[in-house]
Structure formats: structure tokens, C-alpha cells
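Here is how names work: the chains are called A, B, and so on, in the same order as the sequence lines, proteins then strands, and each is numbered from 1.
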Number of protein chains: 2
Amino acid sequence: MTSPPPHGRTELSLTPVEAPPQLRADAARNRARLLEAAARLAAEQGAANLTMEAVACAAQVGKGTVFRRFGDRPGLLLALLDHQEQRFQEAFMSGPAPLGPGAPAGERLHAFGPAALRHEDAHRDLYLAAVQPDPARRHTVPARLVRHTHLAVLLREAGTDADVELAAQTLLGYLDTGLVHHLLTVRGLPLARVEAGWHDLVSRMLVRGH
Amino acid sequence: MTSPPPHGRTELSLTPVEAPPQLRADAARNRARLLEAAARLAAEQGAANLTMEAVACAAQVGKGTVFRRFGDRPGLLLALLDHQEQRFQEAFMSGPAPLGPGAPAGERLHAFGPAALRHEDAHRDLYLAAVQPDPARRHTVPARLVRHTHLAVLLREAGTDADVELAAQTLLGYLDTGLVHHLLTVRGLPLARVEAGWHDLVSRMLVRGH
DNA sequence: ACTATAAACGGACTTCGGTCCGGTTAGTTG
DNA sequence: CAACTAACCGGACCGAAGTCCGTTTATAGT
């Protein structure tokens, strides 16, 4: 059994309401060094080949420190993605329409897919490397919850008569990083087709009284 | 780079057309012993806690033998599931209607969800433990391909005007073991609601000219 | 400043998945 | 039946994730 660290709580960031953990000065410095080292190594040799020990070593820090700060490997990768993820979240939560507020919910839903697709495409290897191996935890990642809530709100707002909870999961599943990667790379589908599939799926979710 | 073993090819079973690898006598004996030991250990202490070494040891066999035969841990777990999986495949490919042939494609699609849900529910821990950690390989598991093809055929037969390839992936995603487990266990949704969600989703996939 | 203490540190250690390779054996061929 | 070989076997070995615990240090309170 793993008990949570005494106070440092290993980065649950990215949930909307976030109390800054207020790290000790040295801890904050090491955290920054670790992220920088991780980013550099990931860029050099690919995120998939990143080892925790290499990061610790490159940051001139003990291995235990990495784990105390980030919990585990996915935790570190997620922290690396955090910045990008925040930019994407801002885009659909407070950015310009039709992705952001201002457009009708239906249009925002349609805009969400291509935006997410392109966003993840730009950081593919990092997103793929950050996937939780444990199927249970994959669905409790903060970033996923945010997207789920967003989609659920839009669906309700658009007046769907589907079960919003489940419909949002369906939409989220369609955008799953691993699935998209498989469709694009392994199966070789053009991006346009996957986007078209999204639009069709959204439309179907909004059809009423079938 | 991992090159495939000389002849024994580590179990790609469960693809419809299957050439029996024709193992040597001792190899076949050890394979059986390993599966039996694995099944016993999985039942005793949970599939999630199964270690390859423990299986090897319990089967009175070297560790290398386990890996040569099954490739890796997911491979072993998949082999353990193979029998159950085959029974399920028979049920929807040649069993009684409405799941099997005989009923109209639409009805068969509706029947598929609850059947899959209940089937995986009965072997939950094994299915969860057998999930490939690597997101790329998760989509190339033979059992998944079979289901995908089946759903695609039914969708086309039912005359959907959606992109069958993508629609089948969407349906498959809705039934994802990890997702369903999360919805049922973590979120606490009743099974009936998830089943209702399936029926709604299938209906939407079959709506025409929206 | 001084002290107390919660937090952080590092790196040895454990565990487990997966690989390697020298030795063994089933099955085939003459 | 002998010899040959392809497949098989075992277990030492390796790399990486994650844990543990004795030591150090930042900071708050006096």
C-alpha cells in the first residue's frame, strides 16, 4: 500500500480549483530543474525512452526526489504536459468562438473535436508516453475530468436527449489518444476522415426523438 | 528490437483463421502446465497480482519458458482468457438469435452490448489485468479485431450511413473494459443505465439522413 | 540568533518484466 | 539405431520503476 506523501501531494494540478502546494524553496528549485531536464531529455531521445533515473541524474538530484515530487512516471509526464494542456483548456473554456464561449453549444461541440485532435497531434509522443498503464487510473486523470465536464455541459446546453454522462464518455472515447494514433498511423486514415467522423458523431448525439 | 521466436510464435491465437503451431510434445505439456498454474494462481490471489516468475515456479518450469511460449505478461493473460473469449465469439457469430445470426442486423447490434457487458463483467479482473500497457498494441489484439469486424459488418448490414469503420470504433470504445469498470465501480452507475446508454448509442448510429 | 520540527534529500534496495545463451532433447532421416 | 538439427529448456542476468530510511535543511516561533 502506498500512502500519500506527508505534504507535497505529488502534483494533482490541472483541476480548475487548485491550491498551490507552497513548496519549500529548495523543493521548488528542484522541481523546476527536474521539469527542465525531463523536457530536454524527452526532446532529445523521445518521451517513450525517458527513464526516471536519467531525469534525476540529469537534474543532479536523487531518484527519490523525482518520485516524491511527481509520484510516478505518468505523473512526471503529465506534469510535463501540464503547460500545453492548460493552453488547450483556456482555448475551449475562455478562448475565441466557436471553440470558446460565444457560439451556440452545438457549434462548440463540433469545434472541439478537430481542436483536440490537432492539439494532441502536436504533442503525440508525450501524450502517448503519459498514458496510465493502469486502466482504472486512466479515467481519473484531472485533464480527462475537465474535458468530460466540458463536453457534458455543452451536450446538456445543446439540448440533447441522450444521457449526457454517457454521451460525454462516448465522445471522449472517440478522441482517445491511443485510438487516434492507431487510426492515423497504423490504419493510415487521413486526419480529415477522423474529423468528419467526429462531426457525424456529434450530430448523432444531438438528433432528437429518434 | 525484439525478433519473433524461431518457430513457436508466442500465441497469436483467436484470429479466425488459425494455423495450429504444432508444438513439440514437451512444449505442449509445459504450455498446459503453465496455463493451469496461472489459472490457479489468478483465482487464488487475483489476476492483478500474478507474476510471471510465480507462474513459472508453480508450473515447475524455467522463467524463460513462460516468455518463449506467451511472449509477455499480457500474452499469458490473453491466453488464459482465450477460452472464455472463444465462447463469447461463438455466441455472437454462430449462437442463437438475436445475438447470433438469424435476427436483423439492428437487433443483433442492440443485443451485442449487453452480452459483451455481462461477459466482461463475469471475468472483470482477468480482462483488466490483460490490458496492454502500450496504447498502440491495445488496438491490435486479435479479440478486438474480431469484435470490430463483427460490428462493422452489422452496421453496414443495418444500412447505416455513418462511416462504418469509425462507428465500429466508437461502439467498441463504449464497451472498453477499463471504461465500463470505471463507470460501474468508481462512478457507481447501475448496469442498467450503461446498457440503456448502449441502446441509445446504437440507435443513433442507425438514424438516417440527420 | 537559537531551536525545534516538518519537509526534503539521496541513493541503496527490492521487485518484476524481459533477454540471453550454453546445454538438453524430441523428432526426423538414412 | 545412430546421428543430426531445430526447437526447447532453465536460470543467471539486466534495466527500470518504485520503496525505504537515515541524514540534512528550510522555515517558523521564541
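Nucleotides of DNA chain C nearest to A/Gln60 and A/Glu53 differ in position, and the one nearer the 5' end is that of A/Gln60. Sequence order on DNA chain D of the closest nucleotides to B/Ala27 and A/Pro74 puts B/Ala27 first from the 5' end.
Distances were taken from every side-chain heavy atom of A/Leu23 (C-beta onward) to each of D/dG18, C/dC9, C/dA8; the shortest belongs to C/dA8. When each of C/dA8, D/dC8, D/dA16 is scored by its nearest atom to the side-chain atoms of A/Thr51, the top-ranked nucleotide is D/dA16. For A/Ala25, the side-chain atoms get nearest to D/dT27 when compared with the rest of C/dC9, C/dT19, D/dT27.
The separation between B/Arg31 atom CZ and D/dA7 atom P is 18 Å, rounded to whole Å. Computed from coordinates, the B/Asn30 CG to C/dA26 C1' distance equals 13 Å when rounded to whole Å. Taking atom CG of residue B/Asp26 and atom C1' of nucleotide C/dT24, one finds them 10 Å apart after rounding to whole Å. Atoms CZ (B/Phe67) and C1' (C/dG18) sit 5 Å apart, rounded to a whole Å. For A/Phe70 and D/dG18, the CZ to P distance is 14 Å, given to the nearest whole Å. Rounded to whole angstrom, the span from the CZ atom of B/Arg73 across to the P atom of C/dG18 amounts to 9 Å. Here C/dT25 presents its P atom at 11 Å from CZ of B/Arg29, a figure rounded to the nearest Å. B/Arg68 has its CZ atom 13 Å from the C1' atom of C/dT25, to the nearest Å.
When the salt bridge (charged side-chain N to carboxylate O under 4.0 Å, His left out) test is applied to A/Asp176, no partner is found at least two apart in sequence or on another chain.
To the nearest 0.5 angstrom, B/Glu36 atom CD is 13.0 Å from B/Arg31 atom CZ.
The aromatic rings of A/His119 and A/Tyr127 sit perpendicular to each other, their planes meeting at more than 60°, with 30° as the lower class boundary. Between A/Phe92 and A/Phe88, the ring planes are perpendicular. Angles over 60° get that label, and only those under 30° would be called parallel.
Within 4.0 Å of B/Leu50, counting heavy atoms only, lie sugar-phosphate atoms of the nucleic acid but no base atom.
Phosphate proximity of C/dA8 to A/Thr65: absent, as no side-chain N or O sits under 4.0 Å from OP1 or OP2.
Contact of A/Lys63 with D/dA17 (side chain to base): a donor-acceptor pair of N or O atoms is detected under 3.5 Å. Contact annotation: side chain of A/Arg24 to base of C/dA8, donor-acceptor pair absent below 3.5 Å.
The main-chain N or O of A/Leu179 is never found under 3.5 Å from a side-chain atom of A/Tyr174 such that the two would form a donor-acceptor pair.
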